[in-house]
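Values in this document were obtained by computation on a predicted structure and should not be read as measured data.
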Amino acid sequence: MAREYLNMGFYLGIGGVLTFKNAKKLVEVAEYAPLSSIVLETDCPYLAPVPFRGTRNSSLNLPYVVDMIAELKGITAKEVMEKTWENAKALYQMTE
């Protein structure tokens, strides 16, 4: 399904679930999806990333998602932050 969305030009929102041990399919999606098609999300107030699973989620936990994406893609967390910020600005038509 994710491939179909990517083929249609959509962005994929990836959040704390990526850090769960049972998130095998989402890990595959994050590995496959080009960074240019990923935006970060919190699923707030639910689905906090490991190590905060089961607690209230917030945007303060996004670095855990960033780190996991960076690890999966073999790039730095800074690269993930910069590109997903660019993606969000494009998606929401934001200007600085």
Side-chain angles (χ1 to χ4, degrees):
M1 185 180 282
R3 287 185 181 166
E4 290 298 318
Y5 290 136
L6 291 170
N7 290 338
M8 291 189 291
F10 288 104
Y11 290 94
L12 301 178
I14 298 183
V17 173
L18 183 67
T19 66
F20 295 3
K21 288 180 185 176
N22 63 349
K24 290 178 176 62
K25 289 195 184 251
L26 184 55
V27 166
E28 288 176 25
V29 168
E31 289 173 329
Y32 167 81
L35 190 57
S36 60
S37 296
I38 294 175
V39 292
L40 303 177
E41 64 174 297
T42 63
D43 296 311
C44 188
Y46 307 106
L47 303 172
V50 173
F52 301 108
R53 191 170 181 181
T55 64
R56 181 178 171 84
N57 199 11
S58 81
S59 56
L60 296 173
N61 294 331
L62 282 175
Y64 295 94
V65 179
V66 168
D67 289 343
M68 185 67 171
I69 293 171
E71 180 181 325
L72 292 172
K73 295 204 170 286
I75 59 177
T76 67
K78 182 178 180 184
E79 290 174 283
V80 173
M81 288 186 291
E82 289 173 351
K83 187 58 182 166
T84 56
W85 173 243
E86 288 175 22
N87 297 344
K89 288 191 307 187
L91 175 63
Y92 297 113
Q93 300 175 356
M94 299 173 3
T95 59
E96 288 189 54

Nearest heavy atoms of Arg56 and Pro45, plus distance in Å: NH1-CB, 3.1 Å
Set of side chain to side chain contact (heavy atoms under 4.5 Å, CB included) partners for Met8, sequence neighbours left out: Tyr5, Phe10
Which atom of Val65 lies closest to which atom of Gly15, heavy atoms considered: CG2-C, 3.5 Å
Taking the side chain as every heavy atom from C-beta outward, state whether Cys44 and Asn61 have any atom pair closer than 4.5 Å. no
Does any part of the side chain of Ile38, heavy atoms only, come nearer than 4.5 Å to the side chain of Val80, both counted from C-beta? no
To the closest 0.5 Å, what do you measure between CE (Met81) and CG (Asp67)? 8.0 Å
Smallest separation among heavy atoms of Ser59 and Pro63, with atom names: O-CD, 4.3 Å
Closest non-hydrogen contact found for Ala70 with Ala77 is CB-N, 3.7 Å
Got a sec, which pairs hit side-chain hydrogen bond (donor to acceptor under 3.5 Å, both in side chains) with one end in residues 22-45, sequence neighbours left out? none
Contact check, side chains of Thr84 and Ile14, non-hydrogen atoms, under 4.5 Å: no
CE (Met68) and CG (Leu72) are apart, to the nearest 0.5 Å, by 4.5 Å
Distance col, row Leu35:CG vs Ile69:CD1, nearest 0.5 angstrom, shows 7.5 Å
According to salt bridge (charged side-chain N to carboxylate O under 4.0 Å, His left out), who are the partners of Lys21, at least two apart in sequence or on a separate chain? none
Qualifying residues under side chain to side chain contact (heavy atoms under 4.5 Å, CB included), relative to Leu91, sequence neighbours excluded: Tyr11, Val39
Other than Phe52, what residues sit in its cluster of Ile, Leu, Val, Met, Phe, Trp and Tyr side chains whose heavy atoms are under 4.5 Å apart, directly or through others? Tyr64
Using a 4.5 Å cut-off on heavy atoms from C-beta on, say whether the side chain of Pro49 contacts that of Asn57. yes
How about Phe20 and Leu26: do any of their side-chain heavy atoms sit closer than 4.5 Å? no
Cluster check Leu18, Trp85: I/L/V/M/F/W/Y, side chain < 4.5 angstrom: no
Counterpart residues, side chain to side chain donor-acceptor pair (under 3.5 Å), relative to Thr76 (two or more places apart): Glu79
